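What you see is a predicted model, and the numbers here were worked out from it, not measured in a lab.
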Amino acid sequence: MKVSPDAKIIVFSSIGFATQSKPIGSSDVINAVLSSDAKALDEVVVTALGQVRKKNTLSYAAQQVKGEELTQTRSSNAASALSGKVSGLQIIQGNAIGGSTNVVIRGNKSLIGNNQALFVVDGVPVDNSNNNSTNQQGGRGGYDYGNAAADINPDDIESVNVLKGAAASALYGSRGANGVIMITTKSRKSKGMGITINSGLTVGTIDKSTFPKYQTEYGAGYSSGYESGDGFLLIDVQGNGVKERVVPTSEDASYGAKFDPNLLVYQWDAFDPYSPNYKKKTPWVAAANNPSTFYETAISNNNNIIFDGASDKGAIKLGYTRSDDRGTLPNSKIIKNILNFGSTYQITDRLTASALANYSKVEGLGRYGSGYSGLNVNQNFRQWYQTNVDMMAQKDAYFRNKQNVTWNWSDPSSPEGLVAKYTDNYYWTRYQNYENDTRSRIFGNASLNYKATDWLNILGRVSLDTYNEFQEERVAVGSKGAASYARTDRSFNETNFDLIANFDKNVTKNLNLKALLGGNIRKSLLNSVFSTTNGGLIVPGLYSISNSVGAVAAPIERYEPREVDGFFGGATLTYNEFLTLEGTFRRDKSSTLPEGGNAYNYYSVAGSWLFSKQLKDKVDWISSGKLRVNYATVGNDAPWGSTKNVYTSQNLFGSSILFAYPFTTNNPSLKPEKTESSEIGLEMAFLDNRIGFDASYYLTKTKNQVIPVAVSAATGFTNTYVNAGVIRNNGVEVSLYGSPIKTQNFSWNINVNWTKNDSKVLELYNDSRNLQLASFQAGISVNATLGQPYGTIQGKDYVYNANGQKVIGADGYYKITSSTTNVIGNINPKWIGGIYNSFKYKNVSLGFLIDIRSGGNVWSLDQFYATYTGILPNTVGLNDLGNPVRNPVTDSGNSGGVILDGVTENGQVNTKRVVIDANSPTLPQSAFSYDASYVKLREATLTYSFPKAMISKWGPVKGIDLSVFGRNLWIIHKNLPYSDPEENLSSGNAQGIQSGAYPTTRTIGINAKLSF
C-alpha cells in the first residue's frame, strides 16, 4: 500500500468491527486486530437480493436481530425465536411439539391467499409451506406437521434482517409482498481456523395455569338418576342375581352423582379381568390423578459444532447440529440432523466463487393430534370427561397387556359392550394410533461474482431448495372406529437462476450512485400422492395400503409445475451521505395467469434525509436523525390451477372409470393481484447513541384479489374464481433502545418494540358483505366481513334489548339469536409489543424478554363443551343462597340453581331461579369468546463468560460461556381461563380458534459454548 509521506496514522475499518487507528512508523509491516463491534453492525444491514447498505441511507423500515439473540434459549425454531423482538412482526406459535408458527408482517394482506413472510437464507428463497390437511386447519382432526422453514438451523444464523414494507422487498417479486425475513449465516471474518461447540440440555413441564382445573364434587353422568335413582346403573356384576351400583361408563360428562367416600361402587376397572379391582367395588371419589398427570417431562438436547477458517483467498465453514426433542405427551419426539457448508474463494483478483449447501433430515414420531378428534387427548381432557377417572389407573390398564382398556365402556352389563363408546384408552391412542414422518431437504446456491471494474460487478447465481416428505398415520385394530392407514408422499423443488449487475460509483465528489440490473427465472414443482385404506385393516398391526379391507379409493395426486420469469432494476442516489433517492422496477411473467395477460409490473420510489448532518455542529445531543418516505406497488399471480378446469378421478362405479369436474370452476380471465404500500418513518438517536427510536407509519391496500364466489348450481358448479376484494392495513411501529447505565464494569440496555396494526375489509365481490375463511364446530366461523377488521369471529349471540341488556326468556334462561352470523370477536390484537432488558456486570450477563399482546379475541370450543359437561369448577360451588348450585330448584331456602343476570322481555330485572345441569339450555357461542391479551415472561438467560486473562492460559481455548436459560417461564397476565391465548390449531389465515388446546411447556435449560 502506498501512502503519502505526510501521513502519520493509518485507519483500519471493516463492516461489523470497531475502527482502529495505528501510527505509521518506520516498519514496513503494521499489524492490527479488529474487535467485533455491535454498534458498528447496527450501522449496516443486508437488504433485498443481498445488497449491503448503510442503515443511515435506507429509505424504508428494516430491523435487525443478531443470531445470538435467537439461540439463547436453544430453540430449534428460528421463526418462533423472533417473537417480541421485531416491531411490525406478529409471531403466533402453538404448543405442539414441532408445531407450525404463524409469521405475519404488518397484517394480513390477502383474503384467502398466503400471508406468511418470505424467508431468504443467503440469497436462497426458502419454502415455508404449511402442508397440514384442510381438516387439521379447520379443527376437525389431524396432525400439525409444522412449517418447512423450521429446517433452518438457528445455530448457523449470524443475523436476521426483517424487511417490512413493499418498498424494501419489491425486488423479490410477488413473494415479497408479505415482507421478507432475510437470514445471513455465519462466516469467518478473520484469518485462521476456529472451532465452536455449543451444547445444551433443556427440561420442560406443562404450565398448569394453561390446563383445566377440575371440579372434585361430582362424577360421571348427565344429570340423570339412571336405574338406581341416585346416578348409577344397576348391574348384576357378580352373577349372583343381585344388581349393584355401577358407574355409567358410557357417559362422557361429570354431571353425575355427588362424590361420597363412604359409597362403594363398581367403576370401569371392575370390568377389566387383569385389573386388581376386577369385580371389586371402590370408593366413589374424585380421581387422585387427573389428566395433568398424563403429561410427562419434556427433555431436549441440542448439540452444535462449527469448523471455520479464512485466508487471503477465501473462507470455509462446516457445521453440524443435532437436536433431540421429546415432548410432554408420551411417545412423542422429533430428531433433527443438520449439516451446513459455506465457502468462498477468490479465483483471481476479479473473480470470486462461492457455494452454500444445507442438508437437513427431520424425523417425527407421535406428533400431537389436534382439533376435535379422538387422536387429540385434549378433546377429552378439556371437553368430555369423567372426573372420577384416575389417569395412572388408565396407564396401568394399558401397559398390563397393551390393550384398549378404556374407562368409556359402551355397556358394562355384557361382554359385547366392553368396547370404547367414544374414547379409547389415552395410552392406547399415543402408543398405537400414532403418526411418523420424515423430511429430507437440501437448499443452497453456487455463484460467481466478476468484478469488471472498481464500480461494476456481475453476479451469476443458481439457487436450489428441494425436499421430500413422507408421512404415515394409523389407527390400530381395536380402536373406536374403523382401523386405517394413510400415507402421504410429497416432494418440492424450486430452482432460481439469477444474473445481476451491480453498479457503485461516486459520480461526483458528493454524489454516489448505486444501481443494479438483473433477471430471475424461478421454476418450482410440487408433487404429492395421498392414499388411504378403506373399511378397516385385514391383518392387525400391518400398516400398508394393500392391507385394506375394502376397495381402495383413487389416490389424491397433485402435480403443480410453476414458472415465474422476471427482470428488475434499481438505482440509489446519495448526496453527501445525507440525501438519498432510490427507485426499483420489476416485471414478472407467471405461468399461473392466463396467457396474454400473465405479465405484471411493480415498482417503488423512496427517499430519505439524514437531517442530523446539518445539526451536528448546532445540537450536540442529537447523535443522528433521519426522515424517510416511500411508496411501492407489488403484484401477485393466481393460485396454481385457477385459470383452467381439469377433470379429477372419482371412485370406481362397478368396473367403470369415472372422472368429474371440480365444484369450483376456474377463470381464464383472472388478473394479477396488486398491493399498494406507502410509509413514512423517523429514526433518531441521542446522547452519543445512548437512546434512540425508529418509528414508522404505513398504509397498504391489496386489490384485485383472487377469491372464490358462489354461482348458481344450475351451471354445474358451486363457485368460481374472480378478481374482487380490497383489504386495507395501516399502522404504527416503534422500536426504542436505550442504555440507562453504562460504566466500565456494568451496563444496562433496553429494547422496546411496539406495533399497532388496523385492518379493514373495504370491498368484496359485488354486493357481498361476507367471505367465510373457515368454519368450525358449534356454528363458529372466521370471516372477512365488509367494513370490519380481517378475521371476524362469527356465531350465535345473546339477545339484547335497546339498552344493551341481555334478555331472559320466560323459562329463566338467556334468549339466543338464531343466526350464526353475529360478529362475536376478531382475531387481530389491538397492539403487540416486546421489552428486552439486558444487564452485564463484568463477566456475568442477564437478559429477559417480556412479550405482550393487547386485545383481539380467541374463541374456545373447549370452554363451550366443558360448561355443558360439568368438568370445570365454574359448574359447581354455592349460589347466592349459600347452597350448592346443582341442588334441585325449590321454593325453600335450601334451593339450588341460579338467577341469571339480565332482564325480562318487558325490561324487568330477572328474578327466576333456574336449574344448572346437563339439560340446561347452553349459553350462546359469544359467551366463549375471550380477550386474547397476555403478558409473558417469554425468555430469560443468565450467562457467565470466563475472563480472557484466565482462558489465555488454556492453550487453544479462546472462550467459554456457561448459561442457564428458560422459555415460556411465566404468563404474568391473561384473560382466557385454563389455556394459553396464543395456542392455535395451525399457521394460516384462520387464527383465533381453540379446540383441544395443548398446555404451554415451560422449559429450563443449561448450555455450554466453547470456542477454539
Handout entry: Which atom of R853 lies closest to which atom of I827, heavy atoms considered
Key = NH2-O, 3.1 Å
Handout entry: Minimum heavy-atom distance A298-T1001, with the two atoms named
Key = CB-CG2, 4.5 Å
Practice task
Find the distance between OG1 (T869) and CD (Q383) and round it off to the nearest 0.5 Å.
Solution key: 8.0 Å
Problem - Verdict with reasoning, N147 to T101, per side chain to side chain donor-acceptor pair (under 3.5 Å) - result: CA-CA 7 Å; N147 305 78; T101 302; 4.6 Å; no
Practice task
Taking atom OH of Y765 as the centre, report whether more than 12 heavy atoms of other residues, nucleotides or ligands fall under 6.0 Å from it.
Solution key: no
Exercise for the section: Would you confirm whether the ring centroid of Y422 sits within less than 6.0 angstrom of the ring centroid of W384? Expected result: no
Exercise for the section: Could you check whether the rings of F864 and W859 sit parallel, tilted or perpendicular, using 30° and 60° as the cut-offs? Expected result: tilted
Fill in the blank from the handout: Between the CG atom in N388 and the OH atom in Y385, the distance rounded to the nearest 0.5 Å is 8.0 Å
Handout entry: Atom pair OG/CD1 of S986 and I993 - distance to nearest 0.5 Å
Key = 13.0 Å
Handout entry: K421/E251 salt bridge by N-O under 4.0 Å criterion
Key = no
Exercise for the section: Kindly say whether W409 contributes a backbone atom to a donor-acceptor pair with the side chain of T249 at under 3.5 angstrom? Expected result: yes
Exercise for the section: Check whether the side chains of N984 and Q991 place a donor and an acceptor atom closer than 3.5 Å, and report yes or no. Expected result: yes
Exercise for the section: Measure across N783 and N770 and return the closest heavy-atom pair with its distance rounded to 0.1 Å. Expected result: OD1-ND2, 3.0 Å
Handout entry: Side-chain donor-acceptor contact under 3.5 Å, T904 with N906
Key = yes
Handout entry: Option passing side-chain hydrogen bond (donor to acceptor under 3.5 Å, both in side chains) with S479 (candidates N433, T429, T406)
Key = N433
Problem - Verdict with reasoning, T1000 to E983, per side-chain contact (heavy atoms from CB on, under 4.5 Å) - result: CA-CA 8 Å; T1000 301; E983 166 71 340; over 6 Å; no
Exercise for the section: Show the numbers, then the answer: is there a side chain to side chain donor-acceptor pair (under 3.5 Å) between N376 and S373? Expected result: CA-CA 5 Å; N376 179 359; S373 164; over 6 Å; no
Problem - Side chain to side chain, Q386 and W407, heavy atoms closer than 4.5 Å - result: yes
Exercise for the section: Answer yes or no: is there a side-chain heavy-atom contact under 4.5 Å between R913 and L881? Expected result: yes
Problem - salt bridge (Lys or Arg N to Asp or Glu O under 4.0 Å) between K830 and D931, intermediate numbers included - result: CA-CA 11 Å; K830 292 180 181 177; D931 180 356; over 6 Å; no
Problem - For T1003 against L969, the heavy-atom pair lying closest together - result: O-CD2, 3.7 Å
Problem - G870 backbone acceptor or donor facing Q215 side chain under 3.5 Å - result: yes
Practice task
May I ask you to say whether K395 pairs ionically with D390, meaning some side-chain N is under 4.0 Å from a carboxylate O?
Solution key: no
Exercise for the section: Under the side chain to side chain donor-acceptor pair (under 3.5 Å) rule, collect the residues that match up with R106, sequence neighbours excluded. Expected result: E679, E733
Problem - Residue pair S370 / D144, side-chain donor-acceptor N/O under 3.5 Å - result: no
Exercise for the section: For N975, look at atom CG and say whether over 12 heavy atoms of other residues, nucleotides or ligands are found less than 6.0 Å away. Expected result: yes
Exercise for the section: Kindly determine whether Y434 and R367 satisfy side-chain contact (heavy atoms from CB on, under 4.5 Å), including the steps that lead there. Expected result: CA-CA 8 Å; Y434 62 92; R367 291 180 189 263; over 6 Å; no
Practice task
For the pair W284 and F232, name the ring-plane relationship: parallel under 30°, tilted 30 to 60°, perpendicular over 60°.
Solution key: perpendicular
Exercise for the section: Identify whether the distance between the nearest side-chain nitrogen and carboxylate oxygen of D207 and R1002 falls below 4.0 Å. Expected result: yes
Practice task
Look at the aromatic rings of Y426 and F294 and report parallel, tilted or perpendicular, splitting at 30° and 60°.
Solution key: perpendicular
Practice task
Identify the heavy atoms of Q705 and L111 that sit nearest to each other, and give their distance.
Solution key: OE1-N, 2.6 Å
Handout entry: Beyond-backbone contact of N95 with D980, side-chain heavy atoms, under 4.5 angstrom
Key = yes
Exercise for the section: Evaluate the side-chain proximity of T210 to Y978: yes if any heavy-atom separation is below 4.5 Å, no if none is. Expected result: no
Fill in the blank from the handout: Applied to residues 794-814, the ring-ring contact (aromatic ring centres under 6.0 Å, His included) test, sequence neighbours excluded, yields Y798-Y814
Handout entry: NZ/NE/NH1/NH2 to OD/OE distance under 4.0 Å, D758 and K760
Key = no
Practice task
Apply salt bridge (charged side-chain N to carboxylate O under 4.0 Å, His left out) to D851 and list each qualifying residue two or more places apart in sequence or on a separate chain.
Solution key: R938
Practice task
May I ask you to decide if I824's main-chain N or O and S929's side chain share a donor-acceptor pair within less than 3.5 Å?
Solution key: yes
Exercise for the section: In sequence, state the C-alpha distance, the side-chain angles, and the governing distance for N132 and N130, and then conclude on side chain to side chain donor-acceptor pair (under 3.5 Å). Expected result: CA-CA 6 Å; N132 296 338; N130 177 338; 3.0 Å; yes
Problem - Side chain to side chain, Y368 and L329, heavy atoms closer than 4.5 Å - result: yes
Exercise for the section: Apply side chain to side chain donor-acceptor pair (under 3.5 Å) to T423 and list each qualifying residue two or more places apart in sequence or on a separate chain. Expected result: N380
Handout entry: Within 6.0 Å of CH2 in W970, more than 12 heavy atoms from elsewhere
Key = no
Problem - Point-to-point distance, once rounded to the nearest 0.5 Å, from CD1 of I832 to CH2 of W754 - result: 10.5 Å
Exercise for the section: Report yes if the side chains of P829 and K756 come closer than 4.5 Å at any heavy-atom pair, otherwise no. Expected result: no
Handout entry: Criterion side chain to side chain donor-acceptor pair (under 3.5 Å) on N102 and Q116, from CA distance to verdict
Key = CA-CA 7 Å; N102 211 53; Q116 304 296 301; 2.8 Å; yes
Exercise for the section: Kindly indicate whether the side chain of S920, heavy atoms from C-beta on, has any atom under 4.5 Å from the side chain of V914. Expected result: no
Handout entry: Rounded distance [0.5 Å steps], CD in E982 versus CD1 in I971
Key = 8.5 Å
Completion exercise
OH of Y865 to CG of D252, rounded to nearest 0.5 Å, is 11.0 Å
Exercise for the section: Check side chain to side chain donor-acceptor pair (under 3.5 Å) between T293 and all other residues, then give those that pass, not counting sequence neighbours. Expected result: none
Problem - Residues K974, S209; criterion side-chain contact (heavy atoms from CB on, under 4.5 Å); working and verdict - result: CA-CA 10 Å; K974 67 184 179 76; S209 74; 4.1 Å; yes
Practice task
Give a yes or no on whether the ring-centroid distance for Y998 and F211 is below 6.0 angstrom.
Solution key: no
Completion exercise
Sorted by chain and number, sequence neighbours left out, side chain to side chain donor-acceptor pair (under 3.5 Å) with N290 holds for S292
Handout entry: Heavy-atom pair with the smallest gap, counting every atom of A932 and N857
Key = CB-C, 3.8 Å
Problem - Non-hydrogen side-chain atoms of Q788 and N826 separated by less than 4.5 Å - result: no
Problem - Six-ring centre of Y218, R886 cation under 6.0 angstrom, axis tolerance 45° - result: yes
